[in-house]
*Asks:* 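Attaching a single structure in structure tokens format; questions to follow.
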Amino acid sequence: MKLTLYDTAAREKRLFVPIDPRNVRLYVCGPTVYDFAHIGNARPVIVFDVLFRLLRHLYGEAHVTYVRNITDVDDKINARAAERGISIRQLTEETARIYQEDARALGCLDPTHQPRVTDHMGEIIAMIDRLIALGAAYVAEGHVLFSIEAKADYGKLARRSLDEMIAGARVDVAPYKKNPMDFVLWKPSTKELPGWESPWGRGRPGWHIECSAMSEKLLGDTFDIHGGGIDLVFPHHENEIAQSECAHRGRPLANYWMHNGFLQVEGEKMSKSLGNFFTIRDVLKDWPGEVVRLNMLRSHYRQPIDWTLKGLQESDRALATWAGDADIAGSGSQLAPTIAEALSDDLNTPAMIAGLHALHGEGDHARLASSLRALGFEKGDTLSRRRAQAIDAAVVETLLAARAAARKAKDFKEADRIRAELDALGVEIKDGPAGTTWDVKI
RNA sequence: GGCCACGUGGCGGAGUGGUUACGCAACGGUCUGCAAAACCGUGUACCCCGGUUCAAUUCCGGGCGUGGCCUCCA
């Protein structure tokens, strides 16, 4: 089966050809662990988990390496820890743990590696050192800066020229920069801030260098796919490319660049001031992770997605319908050919969902269940099912018996009254030739 | 201001140079004491204006609208 992926660098779908089919390598930018991840952060987690699963399906489980970093050095982390009066370590540990729990609750597999910046300071310093030696970076006032003039094609990913970037700059430029677009690789730390000894004094890394250093260590100079949110195209990914390609004498960092679109809430931009800001945790309080996962996949990953209550309800209903007929909790997980085919077209998850509906419509429950499991829906946990579990079967049976008696006596008024009572309990009854059965309303 | 996406039926949301997406809702039918569920059936949508073409929702240009990026935000 041919896999095509939309490559941001090329601005078109391209046939995916791995560097080494026995080790397909994927790197996705993970969280900066200073606070709960919001629902928008859940999108890349879920989308790239689907990609990870698809790659495993196509190349074999043992032949895909997925790296998602945890950034645990950052000024926001320092500020938040001070604000809360806890140690930086405590904050990053707690936030990282919650992030991983949330990811699992959303049906995501653990990545092969989840490297932390603090565990890779040696690699980071070594890479900066190499960049200085190559003339691509310079020391100024205790900082080490990357010199974008060392990279003739700087701006190629974002398709932006230096002139227009400088013209559009909104921020005051540090006086010690040779070029306004030069960015920080290393900066000095005060005594209170986390810092590491380096050839340039005690300090800490800039934002972009960690991904370059960790991907190099875990995936090599060039790997297959680099992913993240679309907002990371510039400057984060552009700068990663600049650093890594300079350090690697021009060899490309990644062969394919994938970026997920943004999320809005009920048609509006999510923001704290609008009061529509939700963390993943918030959403998981009200909705099963699998429902959140399915809802996230209803839109194609590159499209903007509008996060709505109605959408969640529809997703819950769809999953409940499938799980009601297919034994999700069974064993075996294998993508049905139609599902794999949909996903192989640049992760066309809406087509995947249509394929799942088709399997359901055809009554191919075994294949449906197997595909669902392979996609990370392993329990069929829905709000509908939770409600069902909360219903007292004995009460329902008693009411059903009373209704049956009323019907036998042709007292349809009473029968209908009982039916309304059951309906209020969330029970849906089905009068069949063999008697009355019941189910939970979905 | 610069750059980049997107604009599909009541709603969500794929896709395509000429042929049914799919789901939800709605409507009709079968069934039923009446319903519900289930099953069967029904929708002739593609922001506006030009252009290319035998043919455009699909390609090109312009406009309008929405969103994103423009130094640390997925």
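Chain letters run A, B, ... following the sequence lines, proteins first and then strands; every chain starts at 1. All heavy atoms count here, side chains included; hydrogens, waters and symmetry mates do not.
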*Asks:* From CG of D325(A) over to C1' of C39(B), roughly how many Å is that when rounded to an integer?
*Replies:*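 Result: 13 Å.
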*Asks:* Side chains of D325(A) and H360(A) only: does a donor on one sit below 3.5 Å from an acceptor on the other?
*Replies:*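 Distance-only check passes for D325(A) and H360(A).
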*Asks:* So what's C24(B) paired with, Watson-Crick or G-U wobble, going by both distances under 3.5 Å?
*Replies:*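 When the pairing criteria are applied, G10(B) turns out to be the nucleotide that pairs with C24(B).
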*Asks:* Give one of base, sugar-phosphate or nothing for F183(A), where a contact means two heavy atoms less than 4.0 Å apart.
*Replies:*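 No contact.
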*Asks:* Classify the nucleic acid contact of G355(A) as base, sugar-phosphate or nothing, counting any heavy atom under 4.0 Å across all strands shown.
*Replies:*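 G355(A): no heavy atom of the nucleic acid under 4.0 Å.
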*Asks:* Roughly how far apart, to the nearest Å, are C59(B) and C24(B) at atom C1'?
*Replies:*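 C59(B) and C24(B) have their C1' atoms separated by 33 Å.
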*Asks:* Is any side-chain N of the basic residue among R116(A) and D119(A) closer than 4.0 Å to the acidic one's carboxylate O?
*Replies:*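 Salt bridge absent between R116(A) and D119(A).
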*Asks:* Rounded to whole Å, please give me the gap between CG in D74(A) and P in A74(B).
*Replies:*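 Distance check: D74(A) CG to A74(B) P gives 9 Å.
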*Asks:* Take the protein atom CH2 of W322(A) and the nucleotide atom P of G23(B), then report the distance between them rounded to whole Å.
*Replies:*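 Spelled out: CH2 on W322(A) to P on G23(B) is 10 Å.
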*Asks:* So which protein N/O to nucleotides 10-13 of chain B N/O distances come out below 3.5 Å?
*Replies:*
{"unit_1": "C11(B)", "atom_1": "O2'", "unit_2": "K310(A)", "atom_2": "NZ", "d": "3.2"}
{"unit_1": "G12(B)", "atom_1": "O2'", "unit_2": "R298(A)", "atom_2": "NH1", "d": "3.3"}
{"unit_1": "G12(B)", "atom_1": "O2'", "unit_2": "R298(A)", "atom_2": "NH2", "d": "3.4"}

*Asks:* Are H208(A) and F183(A), when compared by the centres of their aromatic rings, separated by less than 6.0 Å?
*Replies:*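 Between F183(A) and H208(A), which both carry aromatic rings, the centre distance is below 6.0 Å.
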*Asks:* Does a distance-only test, which skips hydrogens and angles, find a donor-acceptor pair under 3.5 Å between the side chain of R43(A) and the base of A74(B)?
*Replies:*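 Answer no: no donor N or O sits under 3.5 Å from an acceptor.
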*Asks:* Round to a whole Å and report the spacing from NZ of K430(A) to P of A37(B).
*Replies:*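 It works out to 9 Å between those atoms.
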*Asks:* Indicate yes or no: does D74(A) engage R204(A) in a salt bridge with an N to O separation below 4.0 Å.
*Replies:*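 Result for this pair is no, no salt bridge flagged.
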*Asks:* Using the P atom on both, measure G18(B) against U57(B) and round to a whole Å.
*Replies:*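 Nearest-Å result for G18(B) against U57(B) at atom P: 11 Å.
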*Asks:* Do F262(A) and the base of G67(B) stack face to face, with centres under 5.5 Å apart and an angle between planes under 30°?
*Replies:*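 One would not call F262(A) stacked on the G67(B) base.
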*Asks:* Between U71(B) and C11(B), how far apart are the C1' atoms? Round to whole Å, please.
*Replies:*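 Rounded to whole Å, the distance is 40 Å.
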*Asks:* Do you know the tightest heavy-atom contact between I77(A) and T92(A)?
*Replies:*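 Looks like CG2-CG2, 3.6 Å.
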*Asks:* Atom CZ of R417(A) to atom C1' of C34(B): distance rounded to whole Å?
*Replies:*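 Spelled out: CZ on R417(A) to C1' on C34(B) is 17 Å.
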*Asks:* Would you classify I429(A) as touching base, sugar-phosphate or nothing, given that sugar-phosphate means primed atoms plus P, OP1 and OP2, and contacts are heavy atoms under 4.0 Å?
*Replies:*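 Since a base atom lies under 4.0 Å of I429(A), the category is base.
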*Asks:* Could you check how far CD of E238(A) sits from P of C69(B), rounded to whole Å?
*Replies:*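 Interatomic distance, CD of E238(A) to P of C69(B): 16 Å.
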*Asks:* Please determine, for the side chain of D231(A), which listed nucleotide (A74(B), C34(B), A21(B)) has the closest atom?
*Replies:*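 Nearest to the side-chain atoms of D231(A), counting from C-beta on, is A74(B).
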*Asks:* If we take the P atom in both U58(B) and C48(B), what is their distance in whole Å?
*Replies:*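 Pairwise P distance, U58(B) against C48(B), rounds to 10 Å.
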*Asks:* Can you check the distance between G15(B) and G51(B), where both ends of the measurement are the C1' atom (answer in whole Å)?
*Replies:*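 That atom pair is separated by 24 Å.
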*Asks:* For G13(B) versus G23(B), give the span between their C1' atoms, rounded off to a whole number of Å.
*Replies:*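 Going atom to atom, C1' in each nucleotide, I get 8 Å.
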*Asks:* Is R302(A) touching bases, backbone alone, or none of the nucleic acid, heavy atoms closer than 4.0 Å?
*Replies:*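 No contact at all - R302(A) keeps every heavy atom at 4.0 Å or more from the nucleic acid.
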*Asks:* For Y138(A), is the NZ or CZ atom of K178(A) found under 6.0 angstrom from the centre of its six-membered ring and inside 45 degrees of the ring axis?
*Replies:*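 Yes - K178(A) lies over the ring of Y138(A), closer than 6.0 Å to its centre and within 45° of its axis.
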*Asks:* Can we call the ring centroids of Y176(A) and H143(A) under 6.0 Å apart?
*Replies:*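 Aromatic pair counts; centres sit under 6.0 Å.
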*Asks:* Any base atoms under 4.0 Å from R403(A), or only sugar-phosphate, or nothing? Heavy atoms, all strands.
*Replies:*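 Result for R403(A) = base.
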*Asks:* Of all the nucleotides listed (G23(B), G33(B), U71(B)), which has the minimum atom distance to the side chain of A415(A)?
*Replies:*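 Minimum distance to the A415(A) side chain belongs to G33(B).
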*Asks:* Can you sort out which residues in residues 406-413 of chain A have a heavy atom within less than 4.0 Å of RNA chain B? Ascending by number, please.
*Replies:*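 Those residues whose heavy atoms fall under 4.0 Å from RNA chain B, taken from residues 406-413 of chain A in numerical order, are R407(A), F412(A).
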*Asks:* Is the ring pair W257(A)/H226(A) parallel, tilted or perpendicular, if the boundaries are 30 and 60 degrees?
*Replies:*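 The arrangement is parallel - the two ring planes meet at less than 30°.
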*Asks:* Taking the C1' atom of each, how far is U53(B) from A38(B), in whole Å?
*Replies:*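 Pairwise C1' distance, U53(B) against A38(B), rounds to 48 Å.
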*Asks:* In whole angstrom, give the distance that lies between atom CG of L157(A) and atom C1' of C3(B).
*Replies:*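 Checked: the CG to C1' distance equals 13 Å.
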*Asks:* Output the distance between atom CH2 (W307(A)) and atom CG (L263(A)), rounded to the nearest 0.5 Å.
*Replies:*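 Output value for this atom pair is 7.0 Å.
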*Asks:* Applying a 4.0 Å non-hydrogen cut-off, can you work out what D416(A) is touching in the nucleic acid: base, sugar-phosphate, or nothing?
*Replies:*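 Touches a base.
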*Asks:* Does the side chain of N348(A) get closer than 4.0 angstrom to OP1 or OP2 of G15(B) through an N or O atom?
*Replies:*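 For G15(B), OP1 or OP2 has a side-chain N or O of N348(A) closer than 4.0 Å.
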*Asks:* In this structure, how many angstroms lie between the P atom of A37(B) and the NE2 atom of H360(A), rounded?
*Replies:*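 My rounded result for the distance is 14 Å.
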*Asks:* Under a 4.0 Å N-O cut-off, is there an ion pair linking D7(A) with K13(A)?
*Replies:*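 No.
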*Asks:* Under 3.5 Å for both donor-acceptor distances, Watson-Crick or wobble: does G33(B) have a partner, and if so which one?
*Replies:*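 Across any shown strand, G33(B) pairs with none.
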*Asks:* Are D110(A) and R68(A) within salt-bridge range, i.e. N to O under 4.0 Å?
*Replies:*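 Answer for the salt bridge query: no.
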*Asks:* For the side chain of R159(A) and the base of C69(B), is some donor closer than 3.5 Å to an acceptor across the two?
*Replies:*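 Side chain to base: no pair below 3.5 Å.
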*Asks:* What's the spacing between L193(A) CG and N78(A) CG if we round to 0.5 Å?
*Replies:*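 Rounded to the nearest 0.5 Å, the CG-CG separation comes to 5.0 Å.
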*Asks:* Between G28(B) and A36(B), how far apart are the P atoms? Round to whole Å, please.
*Replies:*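 Those two atoms are separated by 11 Å.
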*Asks:* Who is the Watson-Crick or G-U wobble partner of A5(B), with both distances under 3.5 Å?
*Replies:*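 Across any shown strand, A5(B) pairs with U66(B).
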*Asks:* Regarding A35(B), can its base be found pairing with the side chain of D431(A) as donor and acceptor, where the two atoms are less than 3.5 Å apart?
*Replies:*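 Answer is yes: a donor-acceptor pair is held.
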